[in-house]
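Contents: one structure, followed by commentary.
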Protein chains: 2
Amino acid sequence: MNSDKPIDICKHCPYTHSCKVHNGVLSKLPKTIVCPEKGDHLFKSEEAFTALYVLCQGSAKATLSDGTSMEKIVQFYHPGDMIGLCAFGNESYQESVEILSYSRVFKIERATFENALAESSALANGMISLLSENLVRRQRNHSSNTLLEAESRLIRFLQDQQVWSASTPSKGSFELCMSRVDIANYLGIAVETLSRLMKKLTQKGLIEAQNRRIAIRNLDFSSM
Amino acid sequence: MNSDKPIDICKHCPYTHSCKVHNGVLSKLPKTIVCPEKGDHLFKSEEAFTALYVLCQGSAKATLSDGTSMEKIVQFYHPGDMIGLCAFGNESYQESVEILSYSRVFKIERATFENALAESSALANGMISLLSENLVRRQRNHSSNTLLEAESRLIRFLQDQQVWSASTPSKGSFELCMSRVDIANYLGIAVETLSRLMKKLTQKGLIEAQNRRIAIRNLDFSSM
DNA sequence: CGTAGAGTTGATTGCGTTCAACTTCAGTGG
DNA sequence: CCACTGAAGTTGAACGCAATCAACTCTACG
């Protein structure tokens with residue numbers, strides 16, 4: 001299932017504007033499509049670095065094991081995101097990536113990528129930019145974890161998720177792709193606390209929440 | 001003060017083994033030396049991306065402003081560290097870097113770097129690895145912020161600092177390069193809490209602390 | 001209808017914050 | 001040499017946010 005041009009699936013993809021494969025430096029690389037199910041792993045921490053991935057459809061989470069058997073979620077991946085950037089420093093992936101819902105993923109073999117990299121300085125520049133952006137993005141997310149209190153963090157998180165889901169709008173609400181446990185883990189709070197905070201925000205009239213469907217009403221920056 | 005070869009100062013530098021300039025892909029680039037004082041800024045967030053830096057001697061801290069006037073310290077730089085990696089994604093630096101003590105810093109002009117990058121795929125590979133490593137390093141530091149409780153975080157922090165200071169050993173103890181305020185900020189706790197924790201660790205006999213001079217006694221992994 | 005997983009609610013505890021006062025230290029000038 | 005000053009660090013007391021444990025409800029799915 002290889003292809004030297006942007007693949008057909010892209011034609012109807014709503015995420016092309018922010019997709020690294022479609023409009024980025026990766027568009028010309030040969031790649032395959034894989035369709036993992038919920039619970040599948042693209043790779044696990046410590047595994048040998050064999051491929052890069054780009055998420056076309058669906059969602060995934062990246063976790064770090066931290067030695068102590070506890071797994072900390074460090075990022076949620078959305079369509080357009082590149083996955084596997086953590087593996088360049090070492091010969092192995094430094095985080096685990098698990099699929100959260102049925103997904104379509106472009107897979108770029110490591111050798112393919114490295115050959116292309118040796119020949120294209122544009123690709124190199126693109127990758128360096130991408131890595132730098134990711135460095136900043138993650139930093140920004142997690143620095144707010146200690147600065148802001150839990151409620152503000154949750155608000156910010158929900159706003160971010162809304163943005164990522166913005167391409168599939170259905171009457172002002174959107175669907176979270178992850179469980180409460182995952183959200184709590186990511187935000188660094190207990191599930192019970194998360195539940196209480198959601199209730200609180202609902203009572204304030206700031207959001208409406210039914211299961212994973214969220215509608216944001218009056219979240220402005222003054223409430224942060 | 002340019003030079004096309006590893007500069008004289010490197011001859012007596014104790015950090016060459018982990019220095020990106022000395023033994024890395026940057027060694028052949030023309031560069032200058034700057035010697036900023038405590039309190040100086042290499043650059044501030046939002047400023048135009050003009051140069052990359054490598055810390056030879058001294059120490060620095062990187063902060064993120066996060067909008068809310070609060071500044072969060074996201075990394076302490078030690079000799080051998082590369083500074084400015086946050087600027088590749090944008091045209092501007094995404095964090096501020098302030099010098100903590102009199103330092104010597106290699107400065108590599110942006111144009112110089114980009115020209116070299118276009119011609120050397122080895123440099124590109126090196127930079128990608130470096131960025132990937134940094135991504136993982138920062139992630140690991142800050143994921144422990146929410147996983148572990150304050151005391152464990154402090155222990156881990158002190159151990160890390162000891163490693164960075166390991167090249168200047170003086171009878172088992174070492175000198176912290178940053179203030180309590182900075183440490184507290186970095187660890188995400190209040191200064192008072194930090195003070196109490198230091199006292200606690202001292203009473204346990206795990207460390208000895210006098211001002212910024214720290215001696216680590218019995219810190220094993222069981223206490224984490 | 002029954003089960004398992006996901007999510008919620010309540011009661012209690014504790015870690016870390018906050019505010020305020022105090023101490024220590026380094027630098028400066030009389 | 002000592003007194004003054006301001007920054008850095010410490011200590012104490014009270015409060016509060018979030019964790020923990022436990023029981024309960026809801027939902028999806030067979």
Side-chain angles (χ1 to χ4, degrees), chain A residues 37-39 59 61 68 70-73 98 100-102 144-158 161 175-204 207-214 223-224, chain B residues 37-39 59 61 68 70-73 98 100-102 144-158 161 175-204 207-214 223-224:
Chain A
E37 304 274 349
K38 174 181 177 180
S59 52
K61 64 176 177 182
T68 63
M70 290 286 302
E71 289 264 319
K72 162 79 179 169
I73 298 176
E98 181 183 335
L100 290 176
S101 55
Y102 175 80
S144 65
N145 272 19
T146 52
L147 277 185
L148 291 63
E149 51 185 27
E151 187 177 321
S152 307
R153 267 180 281 157
L154 174 56
I155 291 175
R156 177 171 295 199
F157 172 79
L158 290 175
Q161 295 305 310
E175 195 88 13
L176 291 173
C177 60
M178 69 295 281
S179 71
R180 304 291 156 128
V181 177
D182 284 346
I183 298 175
N185 182 319
Y186 178 74
L187 293 177
I189 61 180
V191 203
E192 297 92 329
T193 305
L194 174 60
S195 182
R196 280 182 254 269
L197 288 176
M198 296 283 279
K199 189 183 175 186
K200 199 174 171 187
L201 292 181
T202 303
Q203 289 174 339
K204 282 187 182 177
I207 64 170
E208 290 171 28
Q210 301 197 17
N211 279 326
R212 295 188 181 187
R213 179 149 290 276
I214 305 291
S223 55
M224 302 179 66
Chain B
E37 304 274 349
K38 174 181 177 179
S59 51
K61 64 176 175 182
T68 64
M70 291 285 304
E71 290 264 318
K72 162 80 178 170
I73 299 175
E98 181 182 336
L100 290 176
S101 55
Y102 175 81
S144 64
N145 271 21
T146 51
L147 277 184
L148 290 64
E149 51 185 27
E151 186 177 320
S152 306
R153 267 181 281 158
L154 174 57
I155 292 175
R156 177 172 295 200
F157 172 79
L158 290 175
Q161 294 305 310
E175 194 88 13
L176 291 174
C177 59
M178 70 293 283
S179 70
R180 304 290 155 129
V181 177
D182 284 346
I183 299 175
N185 181 318
Y186 179 75
L187 294 177
I189 60 180
V191 201
E192 296 93 328
T193 306
L194 174 60
S195 182
R196 281 182 253 271
L197 288 176
M198 297 282 280
K199 190 183 175 186
K200 199 173 171 188
L201 292 181
T202 303
Q203 289 174 339
K204 282 187 183 177
I207 65 170
E208 290 171 28
Q210 301 197 15
N211 279 326
R212 295 189 180 185
R213 179 148 290 276
I214 305 290
S223 56
M224 302 180 64

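Just so we're clear, the structure is a prediction, and the values are computed from it rather than from any experiment. The sequence lines fix the lettering, A, B, ..., with proteins before strands; numbering per chain opens at 1.
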Atom CD1 of B/Ile183 to atom P of D/dG9: distance rounded to whole Å?
-> 8 Å
Could you give the CD1-to-C1' distance, from B/Ile189 to D/dC17, as a whole number of Å?
-> 17 Å
Between the side-chain atoms of A/Glu149 and the base atoms of D/dC17, is any donor-acceptor pair under 3.5 Å?
-> no
Is the side chain of A/Lys72 donor-acceptor paired with the backbone N or O of A/Tyr186 at a distance under 3.5 Å, no angle test?
-> yes
Rounded to whole angstroms, how far apart are NZ on A/Lys38 and C1' on C/dA6?
-> 10 Å
Sorted by position of nearest nucleotide on DNA chain D, 5' first, the leading residue of B/Met178 and A/Ala150 is B/Met178
Is it true that a side-chain atom of B/Arg180 and a backbone atom of B/Val191 form a donor plus acceptor pair closer than 3.5 Å?
-> no
Nearest-neighbour nucleotide for the B/Glu192 side chain, D/dA19, C/dC19, D/dA22 considered = C/dC19
A/Lys199 side chain: which of C/dG7, D/dG12, C/dG10 is closest?
-> C/dG10
Among C/dG16, D/dG12, C/dT9, the one nearest A/Arg196 by side-chain distance = C/dT9
Side chain proximity check, A/Ile214 to A/Glu175, heavy atoms < 4.5 angstrom | no
Nearest-neighbour nucleotide for the A/Ser195 side chain, D/dA19, D/dG9, C/dT8 considered = C/dT8
Rounded distance in Å - CD (A/Gln210) to P (D/dT27) | 9 Å
Determine: side-chain N/O of B/Thr193 to OP1/OP2 of C/dT17, distance under 4.0 Å, yes or no.
-> yes
How many Å lie between CG on A/Leu187 and P on D/dA18, as a whole number?
-> 11 Å
Return the nearest nucleotide to the side chain of A/Arg212; candidates are D/dT11, C/dG16, C/dG7.
-> C/dG7
Take the protein atom CG of B/Asn211 and the nucleotide atom P of D/dA7, then report the distance between them rounded to whole Å.
-> 17 Å
Rounded interatomic separation in angstrom, taking CG from B/Leu194 and C1' from D/dT11 = 14 Å
Using residues 192-200 of chain B as the side-chain source, report each donor-acceptor pair under 3.5 Å to any protein atom, sequence neighbours left out, with the distance given to one decimal.
{"residue": "B/Lys200", "atom": "NZ", "partner": "B/Glu151", "partner atom": "OE1", "Å": "3.1"}

Is a side-chain N or O of A/Asn185 found less than 3.5 angstrom from the main chain of A/Glu71, in a donor-acceptor match?
-> yes
Could you tell me the separation between the CZ atom of B/Arg180 and the P atom of C/dA26, rounded to a whole number of Å?
-> 13 Å
